[in-house]
Protein chains: 2
Amino acid sequence: MDPSRTGMPTSRRKTAPGRTHLAASAAATPSAAVRGSPWRASRERVRDRQIKREAVIRAAAHAFNHKGYHNTSLDDIAAALEVSKPTVYYYVSNKEQLLFECFVAGIEPIRAAFRNARSQRAPARERLKTVLGHYGQAVASEFGWCMVRAEDQDLSPAMSAHIKSLKSEIDQGIRRLLREGAQDGSIHPCDPKMTAFALAGALNWIAHWYRENQSMTGAEIAAAFISVFENGLKPRAAAPAGRRAAQRTTHRLER
Amino acid sequence: MDPSRTGMPTSRRKTAPGRTHLAASAAATPSAAVRGSPWRASRERVRDRQIKREAVIRAAAHAFNHKGYHNTSLDDIAAALEVSKPTVYYYVSNKEQLLFECFVAGIEPIRAAFRNARSQRAPARERLKTVLGHYGQAVASEFGWCMVRAEDQDLSPAMSAHIKSLKSEIDQGIRRLLREGAQDGSIHPCDPKMTAFALAGALNWIAHWYRENQSMTGAEIAAAFISVFENGLKPRAAAPAGRRAAQRTTHRLER
DNA sequence: TATGGATCATACTCATTAGTAGCTATCCTA
DNA sequence: TAGGATAGCTACTAATGAGTATGATCCATA
């Protein structure tokens, strides 16, 4: 195979800035302040390395999102930032790492949601709903595509292993909630493994169509999906009459 | 952009053999007879162009499946067949077309399942179950990866449009069954669009993990998923006591 | 047995792109 | 204000891989 893909990127620069949890800041700051190139306009904050680094990663996410990882060259990313390619390499050690950072930025809010859920006392189904809501929003975010599509085959073994372990953490978290729900009676007994696959798969797939159809927000999509998961296809006998009727007439209108 | 990607591949060869529905034959013949290179062993059927062409496509599917589209060169495919690259080009006009053929081979059995379903008289939920079963098996097949991952971004506009229309046909078919189910009372009232997205997404995602975890057959996975979809997460009050109890003890064992 | 088509290989072209070498400019600090 | 660190650019290398030009070989048929 390719010798350059046999390990972690050799961080050639002595200054290896700690990884930044882009996701957190992305959630905090509205996208407007973040868009665009900080080089152009802001001479006054030229020295804020962190912001520039984040801009690089965000530009990469945007490009990957639109053209795919393989169809995006680092020249493209540099051009989007109105910068030269070596400048990009000044902030990031290689293309693979760009993808990795995007992945981490995408998955971090989901991990946060799990940490949150663990401290709650609600029934498991409620906690699962909350987590899946955040999951759906993460997939619909600007990093969702990278998170979902970061492939084994494009990554060095070390990165691949790292990503796999993060994914597995999420998977196990969902399974755990499903088991807890079966115990506390809030979730219909099910095979936790296959159910977790189904739930995560459905949500992951959002990344594939969301770009082309942004008529709903991430939160709305997540809510709609959760409603599907909760009710199931089989009709439910004992639903409260009022709500059932409203739902039925509403959905009669959809095509 | 790239000028070579602005249209359908110019089929330079005068002999353009009609597209072959690999999927059908794949379903009919067990994989054993199909694996390997027909060049090597069988000097006696050297002139059977169709079989060789299918072998090329199957080899491509296999390679794409394992290494991804972009990480597979046509030299790789040629090498797998113990043939030179121009030989591959003798059977197929370019790499993009290879991906397209794999896509069609993957999606064809699903279309067939829909055609079948249309002629049945069962309740919509039953027909949907059957279709989804075939869907799941198709995604778990050797062409599943190509079917699911054939991306817009890697295809010429014409191919992209063609694939999109095939995908849309499937999507509309699912929505239609959901609407029919809401009408005949066999399916819980739902938003057909979002529900179809959720169902298809969950099943599509199988392609991402099935390669690494082939402990179940495609049919078994599909059955497990369908059970999840049908029941939903919310506990069901009126389940037959015997089956409920059995299911609960069974799944207590899973981790 | 000559001929033309079908099949396949050798050996290229050419474009793309990840990543780098080496130079320059700016700014902060002592 | 000298000197080092920071930040950036131009111009390269080197590898890869899609697709092709050209010609050899085999076989059926006239």
Side-chain angles (χ1 to χ4, degrees), chain A residues 1-5 9-17 37-40 42-53 55-56 60 63-64 67-79 81-99 154-156, chain B residues 1-5 9-17 37-40 42-53 55-56 60 63-64 67-79 81-99 154-156:
Chain A
M1 278 263 168
D2 182 343
S4 73
R5 290 179 51 200
T10 60
S11 110
R12 287 167 306 284
R13 312 272 176 194
K14 55 227 169 271
T15 60
S37 167
W39 279 266
R40 190 27 107 50
S42 54
R43 281 289 172 212
E44 71 276 12
R45 56 165 53 161
V46 164
R47 72 192 67 101
D48 198 336
R49 184 185 176 93
Q50 206 53 44
I51 287 178
K52 291 185 184 173
R53 190 178 142 89
V56 169
F64 293 160
K67 306 172 55 179
Y69 179 70
H70 288 281
N71 298 319
T72 299
S73 71
L74 286 189
D75 282 307
D76 291 336
I77 295 171
L81 293 165
E82 297 174 85
V83 167
S84 72
K85 184 164 58 172
T87 299
V88 173
Y89 277 95
Y90 184 70
Y91 290 97
V92 121
S93 63
N94 53 35
K95 191 179 178 182
E96 182 188 39
Q97 199 198 2
L98 268 178
L99 181 57
D154 302 327
L155 297 167
S156 67
Chain B
M1 277 263 167
D2 184 344
S4 73
R5 291 178 52 199
T10 59
S11 109
R12 287 169 305 285
R13 315 270 176 196
K14 55 226 170 270
T15 59
S37 167
W39 281 267
R40 185 31 102 52
S42 53
R43 281 289 173 213
E44 71 273 15
R45 54 163 56 158
V46 164
R47 72 192 66 101
D48 199 336
R49 184 184 178 90
Q50 205 54 45
I51 287 178
K52 291 186 184 173
R53 189 178 141 89
V56 169
F64 294 159
K67 306 172 54 178
Y69 179 70
H70 288 283
N71 299 318
T72 300
S73 70
L74 285 190
D75 282 306
D76 291 336
I77 295 171
L81 292 165
E82 297 174 85
V83 167
S84 72
K85 186 163 56 173
T87 300
V88 173
Y89 276 96
Y90 184 70
Y91 291 96
V92 119
S93 64
N94 52 35
K95 192 179 177 182
E96 182 188 37
Q97 200 199 1
L98 268 178
L99 181 57
D154 302 327
L155 298 167
S156 68

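Numbered from 1 within each chain, the chains take letters A, B, ... in sequence-line order.
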N/O (side chain, [X]) to phosphate O (OP1/OP2, [N]) under 4.0 Å:
{"X": "B:Tyr90", "N": "C:dT7", "answer": "yes"}
{"X": "B:Arg49", "N": "C:dT7", "answer": "yes"}
{"X": "B:Tyr89", "N": "C:dC8", "answer": "no"}

For A:Phe64, is the NZ or CZ atom of A:Lys95 found under 6.0 angstrom from the centre of its six-membered ring and inside 45 degrees of the ring axis? no
[X] [atom1] - [N] [atom2] separation (whole Å):
{"X": "B:Tyr69", "N": "D:dT16", "atom1": "OH", "atom2": "P", "value": "19 Å"}
{"X": "B:Leu98", "N": "D:dG17", "atom1": "CG", "atom2": "P", "value": "16 Å"}
{"X": "A:Asp75", "N": "D:dC12", "atom1": "CG", "atom2": "C1'", "value": "13 Å"}
{"X": "B:Asn71", "N": "D:dT16", "atom1": "CG", "atom2": "P", "value": "13 Å"}
{"X": "A:Lys95", "N": "C:dT20", "atom1": "NZ", "atom2": "C1'", "value": "17 Å"}
{"X": "A:His70", "N": "D:dA18", "atom1": "NE2", "atom2": "P", "value": "12 Å"}
{"X": "A:Lys52", "N": "D:dT6", "atom1": "NZ", "atom2": "C1'", "value": "9 Å"}
{"X": "A:Asn94", "N": "C:dG19", "atom1": "CG", "atom2": "P", "value": "5 Å"}

How far apart are the C-alpha atoms of B:Leu98 and B:Ile77, what are their side-chain angles, what is the distance that settles it, and do they pass the side-chain contact (heavy atoms from CB on, under 4.5 Å) test? CA-CA 11 Å; B:Leu98 268 178; B:Ile77 295 171; 3.8 Å; yes
Could I get a table of every N or O pair under 3.5 Å where one atom is in the protein and the other is in nucleotides 9-12 of chain C?
{"residue": "C:dA9", "atom": "OP2", "partner": "B:Ser84", "partner atom": "N", "Å": "2.7"}
{"residue": "C:dA9", "atom": "OP2", "partner": "B:Ser84", "partner atom": "OG", "Å": "2.4"}
{"residue": "C:dA9", "atom": "OP2", "partner": "B:Thr87", "partner atom": "OG1", "Å": "2.3"}
{"residue": "C:dA9", "atom": "O5'", "partner": "B:Ser84", "partner atom": "OG", "Å": "3.4"}

Once salt bridge (charged side-chain N to carboxylate O under 4.0 Å, His left out) is applied, what residue pairs with a partner in residues 83-93 of chain B remain, sequence neighbours excluded? B:Asp75-B:Lys85
Are any non-hydrogen side-chain atoms of B:Tyr91 and B:Gln97 less than 4.5 angstrom apart? no
Quick one, B:Tyr89 and B:Leu74 - any side-chain contact, counting heavy atoms below 4.5 Å? yes
Do A:Glu96 and A:Asp154 pass the side-chain contact (heavy atoms from CB on, under 4.5 Å) test, and can you show the C-alpha distance, the side-chain angles, and the key distance before you say yes or no? CA-CA 8 Å; A:Glu96 182 188 39; A:Asp154 302 327; over 6 Å; no
OG1 of B:Thr87 to CD of B:Glu82, rounded to nearest 0.5 Å, is 12.0 Å
